[in-house]
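Everything numeric in this text was worked out from a predicted model, so none of it was measured. Numbers restart at 1 for each chain; the letters A, B, ... are given by sequence-line order, proteins then strands.
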2 protein chains.
Amino acid sequence: MPRGRPPAYTRDQVVTAAVTVADTDGLEAVTMRRVATEVGAGAMSLYTYVPDREHLIDLMVDRVAGEPVPPRVTGDWRADVLALLVMQRDLMRAHPWLPGVLGGRRLTGRNLLGFLEHGLRALEPAGLPGITKMTLLGLFTGFVASYVTGELTSDPALAAVDIGAAVTSGNFPFLRKALIEGGGGPLEFPAIADWMIAGLVEQARHQQKAG
Amino acid sequence: MPRGRPPAYTRDQVVTAAVTVADTDGLEAVTMRRVATEVGAGAMSLYTYVPDREHLIDLMVDRVAGEPVPPRVTGDWRADVLALLVMQRDLMRAHPWLPGVLGGRRLTGRNLLGFLEHGLRALEPAGLPGITKMTLLGLFTGFVASYVTGELTSDPALAAVDIGAAVTSGNFPFLRKALIEGGGGPLEFPAIADWMIAGLVEQARHQQKAG
DNA sequence: AATCTTTTTGGTACAACGTACGGGAAAGGG
DNA sequence: CCCTTTCCCGTACGTTGTACCAAAAAGATT
């Protein structure tokens, strides 16, 4: 039987509140005080459930990583990995703060490790060293993150450019032309993701043979 | 002739100091007070040269983007873009804070626009709509950033995983196997970057035809 | 020469942040 | 009934970005 005063909240509540705040008001709104208020607790009470803010973000990542149910692995590694990346993309679009916190983050938590496990299982038939498979999965996820970041900035490149400066001065003729001319819808994610998967795996095989 | 009290410092000095601080102590060490101290000015004096910290980071990005001299465009778009990406990678390794701040940032500044211009010029012979070219360049840069982030975390995947938890519990057999088995050197950047460039451009062409 | 106008300097100050500290509260075990 | 353990959370401190303003330093004007 547990001794001492029983907890009034749970770690899950805290993480859930943090994710909700991040989803609605962005990651910078995830302050200890704000999350505590959302939970209904005092600010310092959070530290019973979480060692610090950085760790809380780790938990947020692992939380949302547990939302989607990964599709069955069929044995067709190319299709299986593609399905995984499509899932990752959907996840990042549902939680726009996710791509931004993924870089360089330590992989902790059951769900995140589960993601990795699933990817490794999907890549198994491709026949590569384990470390190489992990490297590839990291590259894939990074690619998805940067693709989604582009998507979320609403119009990948156009909106991100200080158009006035570019077009006014005559110093950027190609940029000027690219901005003026229209055409060319957005690149479809599944197609380019599929290409990436096949291409990088093939590359890894080549380098394996050569090295 | 300029009226009023003459400035004691320059915007360039401020940005240089900020970049130096970021290079040596990381981006989180780039505080207004710290940069001001480095310059030799009072903290609030920085606001004469820079509207706020976020803008200062924009300027830092544009500053380092002006360091390398882009190689000549030869007309072989595949090789030209590859040279550009190799240059980007070197730049990010020299300034490890760079990959982390690139996501979703507005493209401002002569040097950054120059980068884009150079990429567009290199991609010109590939024959694609301007917007598509810009989207591709964004994807390329994102890929380089995530590759370098993996590199800088010292061992792409291995170090990033909480090994103990994975191997101890029997829940992650594939992960366990991947961690135990050795082999497979790191993927060589130029090779996979080259593959990406060729593959994505080809994909974009296909989608252009279909759409 | 004296004053006015314009611009930069940097000290003071404030709100918001993460979080260390510690006293009080709430439970079970003796 | 008290002791031990655990949790709650108010107070407080150091650090952050930056608003505000008086003082300083220059050219322009009289």
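- Across dT8(C), dC17(C), dT18(D), the shortest atom-to-atom separation from the side chain of T31(A) is found for dC17(C).
- Note on V35(B): nothing from the nucleic acid sits closer than 4.0 angstrom, heavy atoms only.
- Mapping Y9(B) and G4(B) onto DNA chain C by nearest heavy atom places G4(B) closer to the 5' end of the strand.
- Interface remark: the R3(A) side chain does not form any donor-acceptor pair with the dG29(C) base, using a distance-only criterion of under 3.5 Å.
- Using a 3.5 Å distance cut-off with no hydrogens or angles, the side chains of T141(A) and Q88(A) do pair a donor with an acceptor.
- Of all the heavy atoms in E188(B) and Q207(A), the pair that sits closest is N-OE1, 2.7 Å.
- To the nearest angstrom, C1' of dT18(D) lies 14 Å from CG of L56(B).
- Environment of CZ in R63(A): crowded, with over 12 heavy atoms of neighbouring residues, nucleotides or ligands closer than 6.0 Å.
- The CZ atom of R5(B) sits 5 Å away from the C1' atom of dT8(C) (whole-angstrom rounding).
- If you take CD of E28(B) and P of dG17(D), they are 12 Å apart, rounded to a whole angstrom.
- Between D58(B) and R106(B) there is no salt bridge, since no side-chain N of the basic residue sits under 4.0 Å from a carboxylate O of the acidic one.
- Using a 4.0 Å heavy-atom criterion, one finds that A41(B) contacts the sugar-phosphate atoms exclusively.
- Distance, Y49(A) OH to dT6(D) C1': 10 Å, rounded to whole Å.
- Side chain of R33(A), nearest nucleotide from dC17(C), dT7(C), dC9(D): dC17(C).
- As rounded to whole Å, 15 Å separates atom P of dT8(C) from atom CD of Q13(B).
- Counting only heavy atoms from C-beta on, M44(A) has its side chain closest to dC9(D) among dT8(C), dC20(D), dC9(D).
- Note: CG (L27(A)) to P (dC17(C)) measures 13 Å, nearest angstrom.
- A close approach under 4.0 Å does occur between a side-chain nitrogen or oxygen of T48(A) and OP1 or OP2 of dC8(D).
- Taking atom CG of L46(B) as the reference point, atom P of dT18(D) lies 11 Å away to the nearest angstrom.
- Within the nucleic acid shown, A36(B) has no heavy atom closer than 4.0 Å to any nucleic acid atom.
- Between the side chain of E117(A) and the backbone N or O of F174(B), at least one donor-acceptor pair lies under 3.5 Å.
- Between R34(A) and D25(A), at least one side-chain nitrogen of the basic residue sits less than 4.0 Å from a carboxylate oxygen of the acidic one, meeting the salt-bridge criterion.
- Side-chain proximity of D52(A) to the nucleotides dT19(C), dT18(D), dC7(D) is greatest for dT19(C).
- Of the residues near DNA chain D, G40(A) and P51(B), the one whose nearest nucleotide (by heavy atom distance) lies more toward the 5' end is G40(A).
- Considering only side-chain atoms of P6(A), the nucleotide from dC21(C), dT18(D), dA26(C) that sits closest is dA26(C).
- Along DNA chain C, the nucleotide closest to R53(A) and the one closest to P7(B) are compared, and the more 5′ of them pairs with P7(B).
- Among dG17(D), dA20(C), dG18(C), the nucleotide with an atom closest to any side-chain atom of M32(A) is dG18(C).
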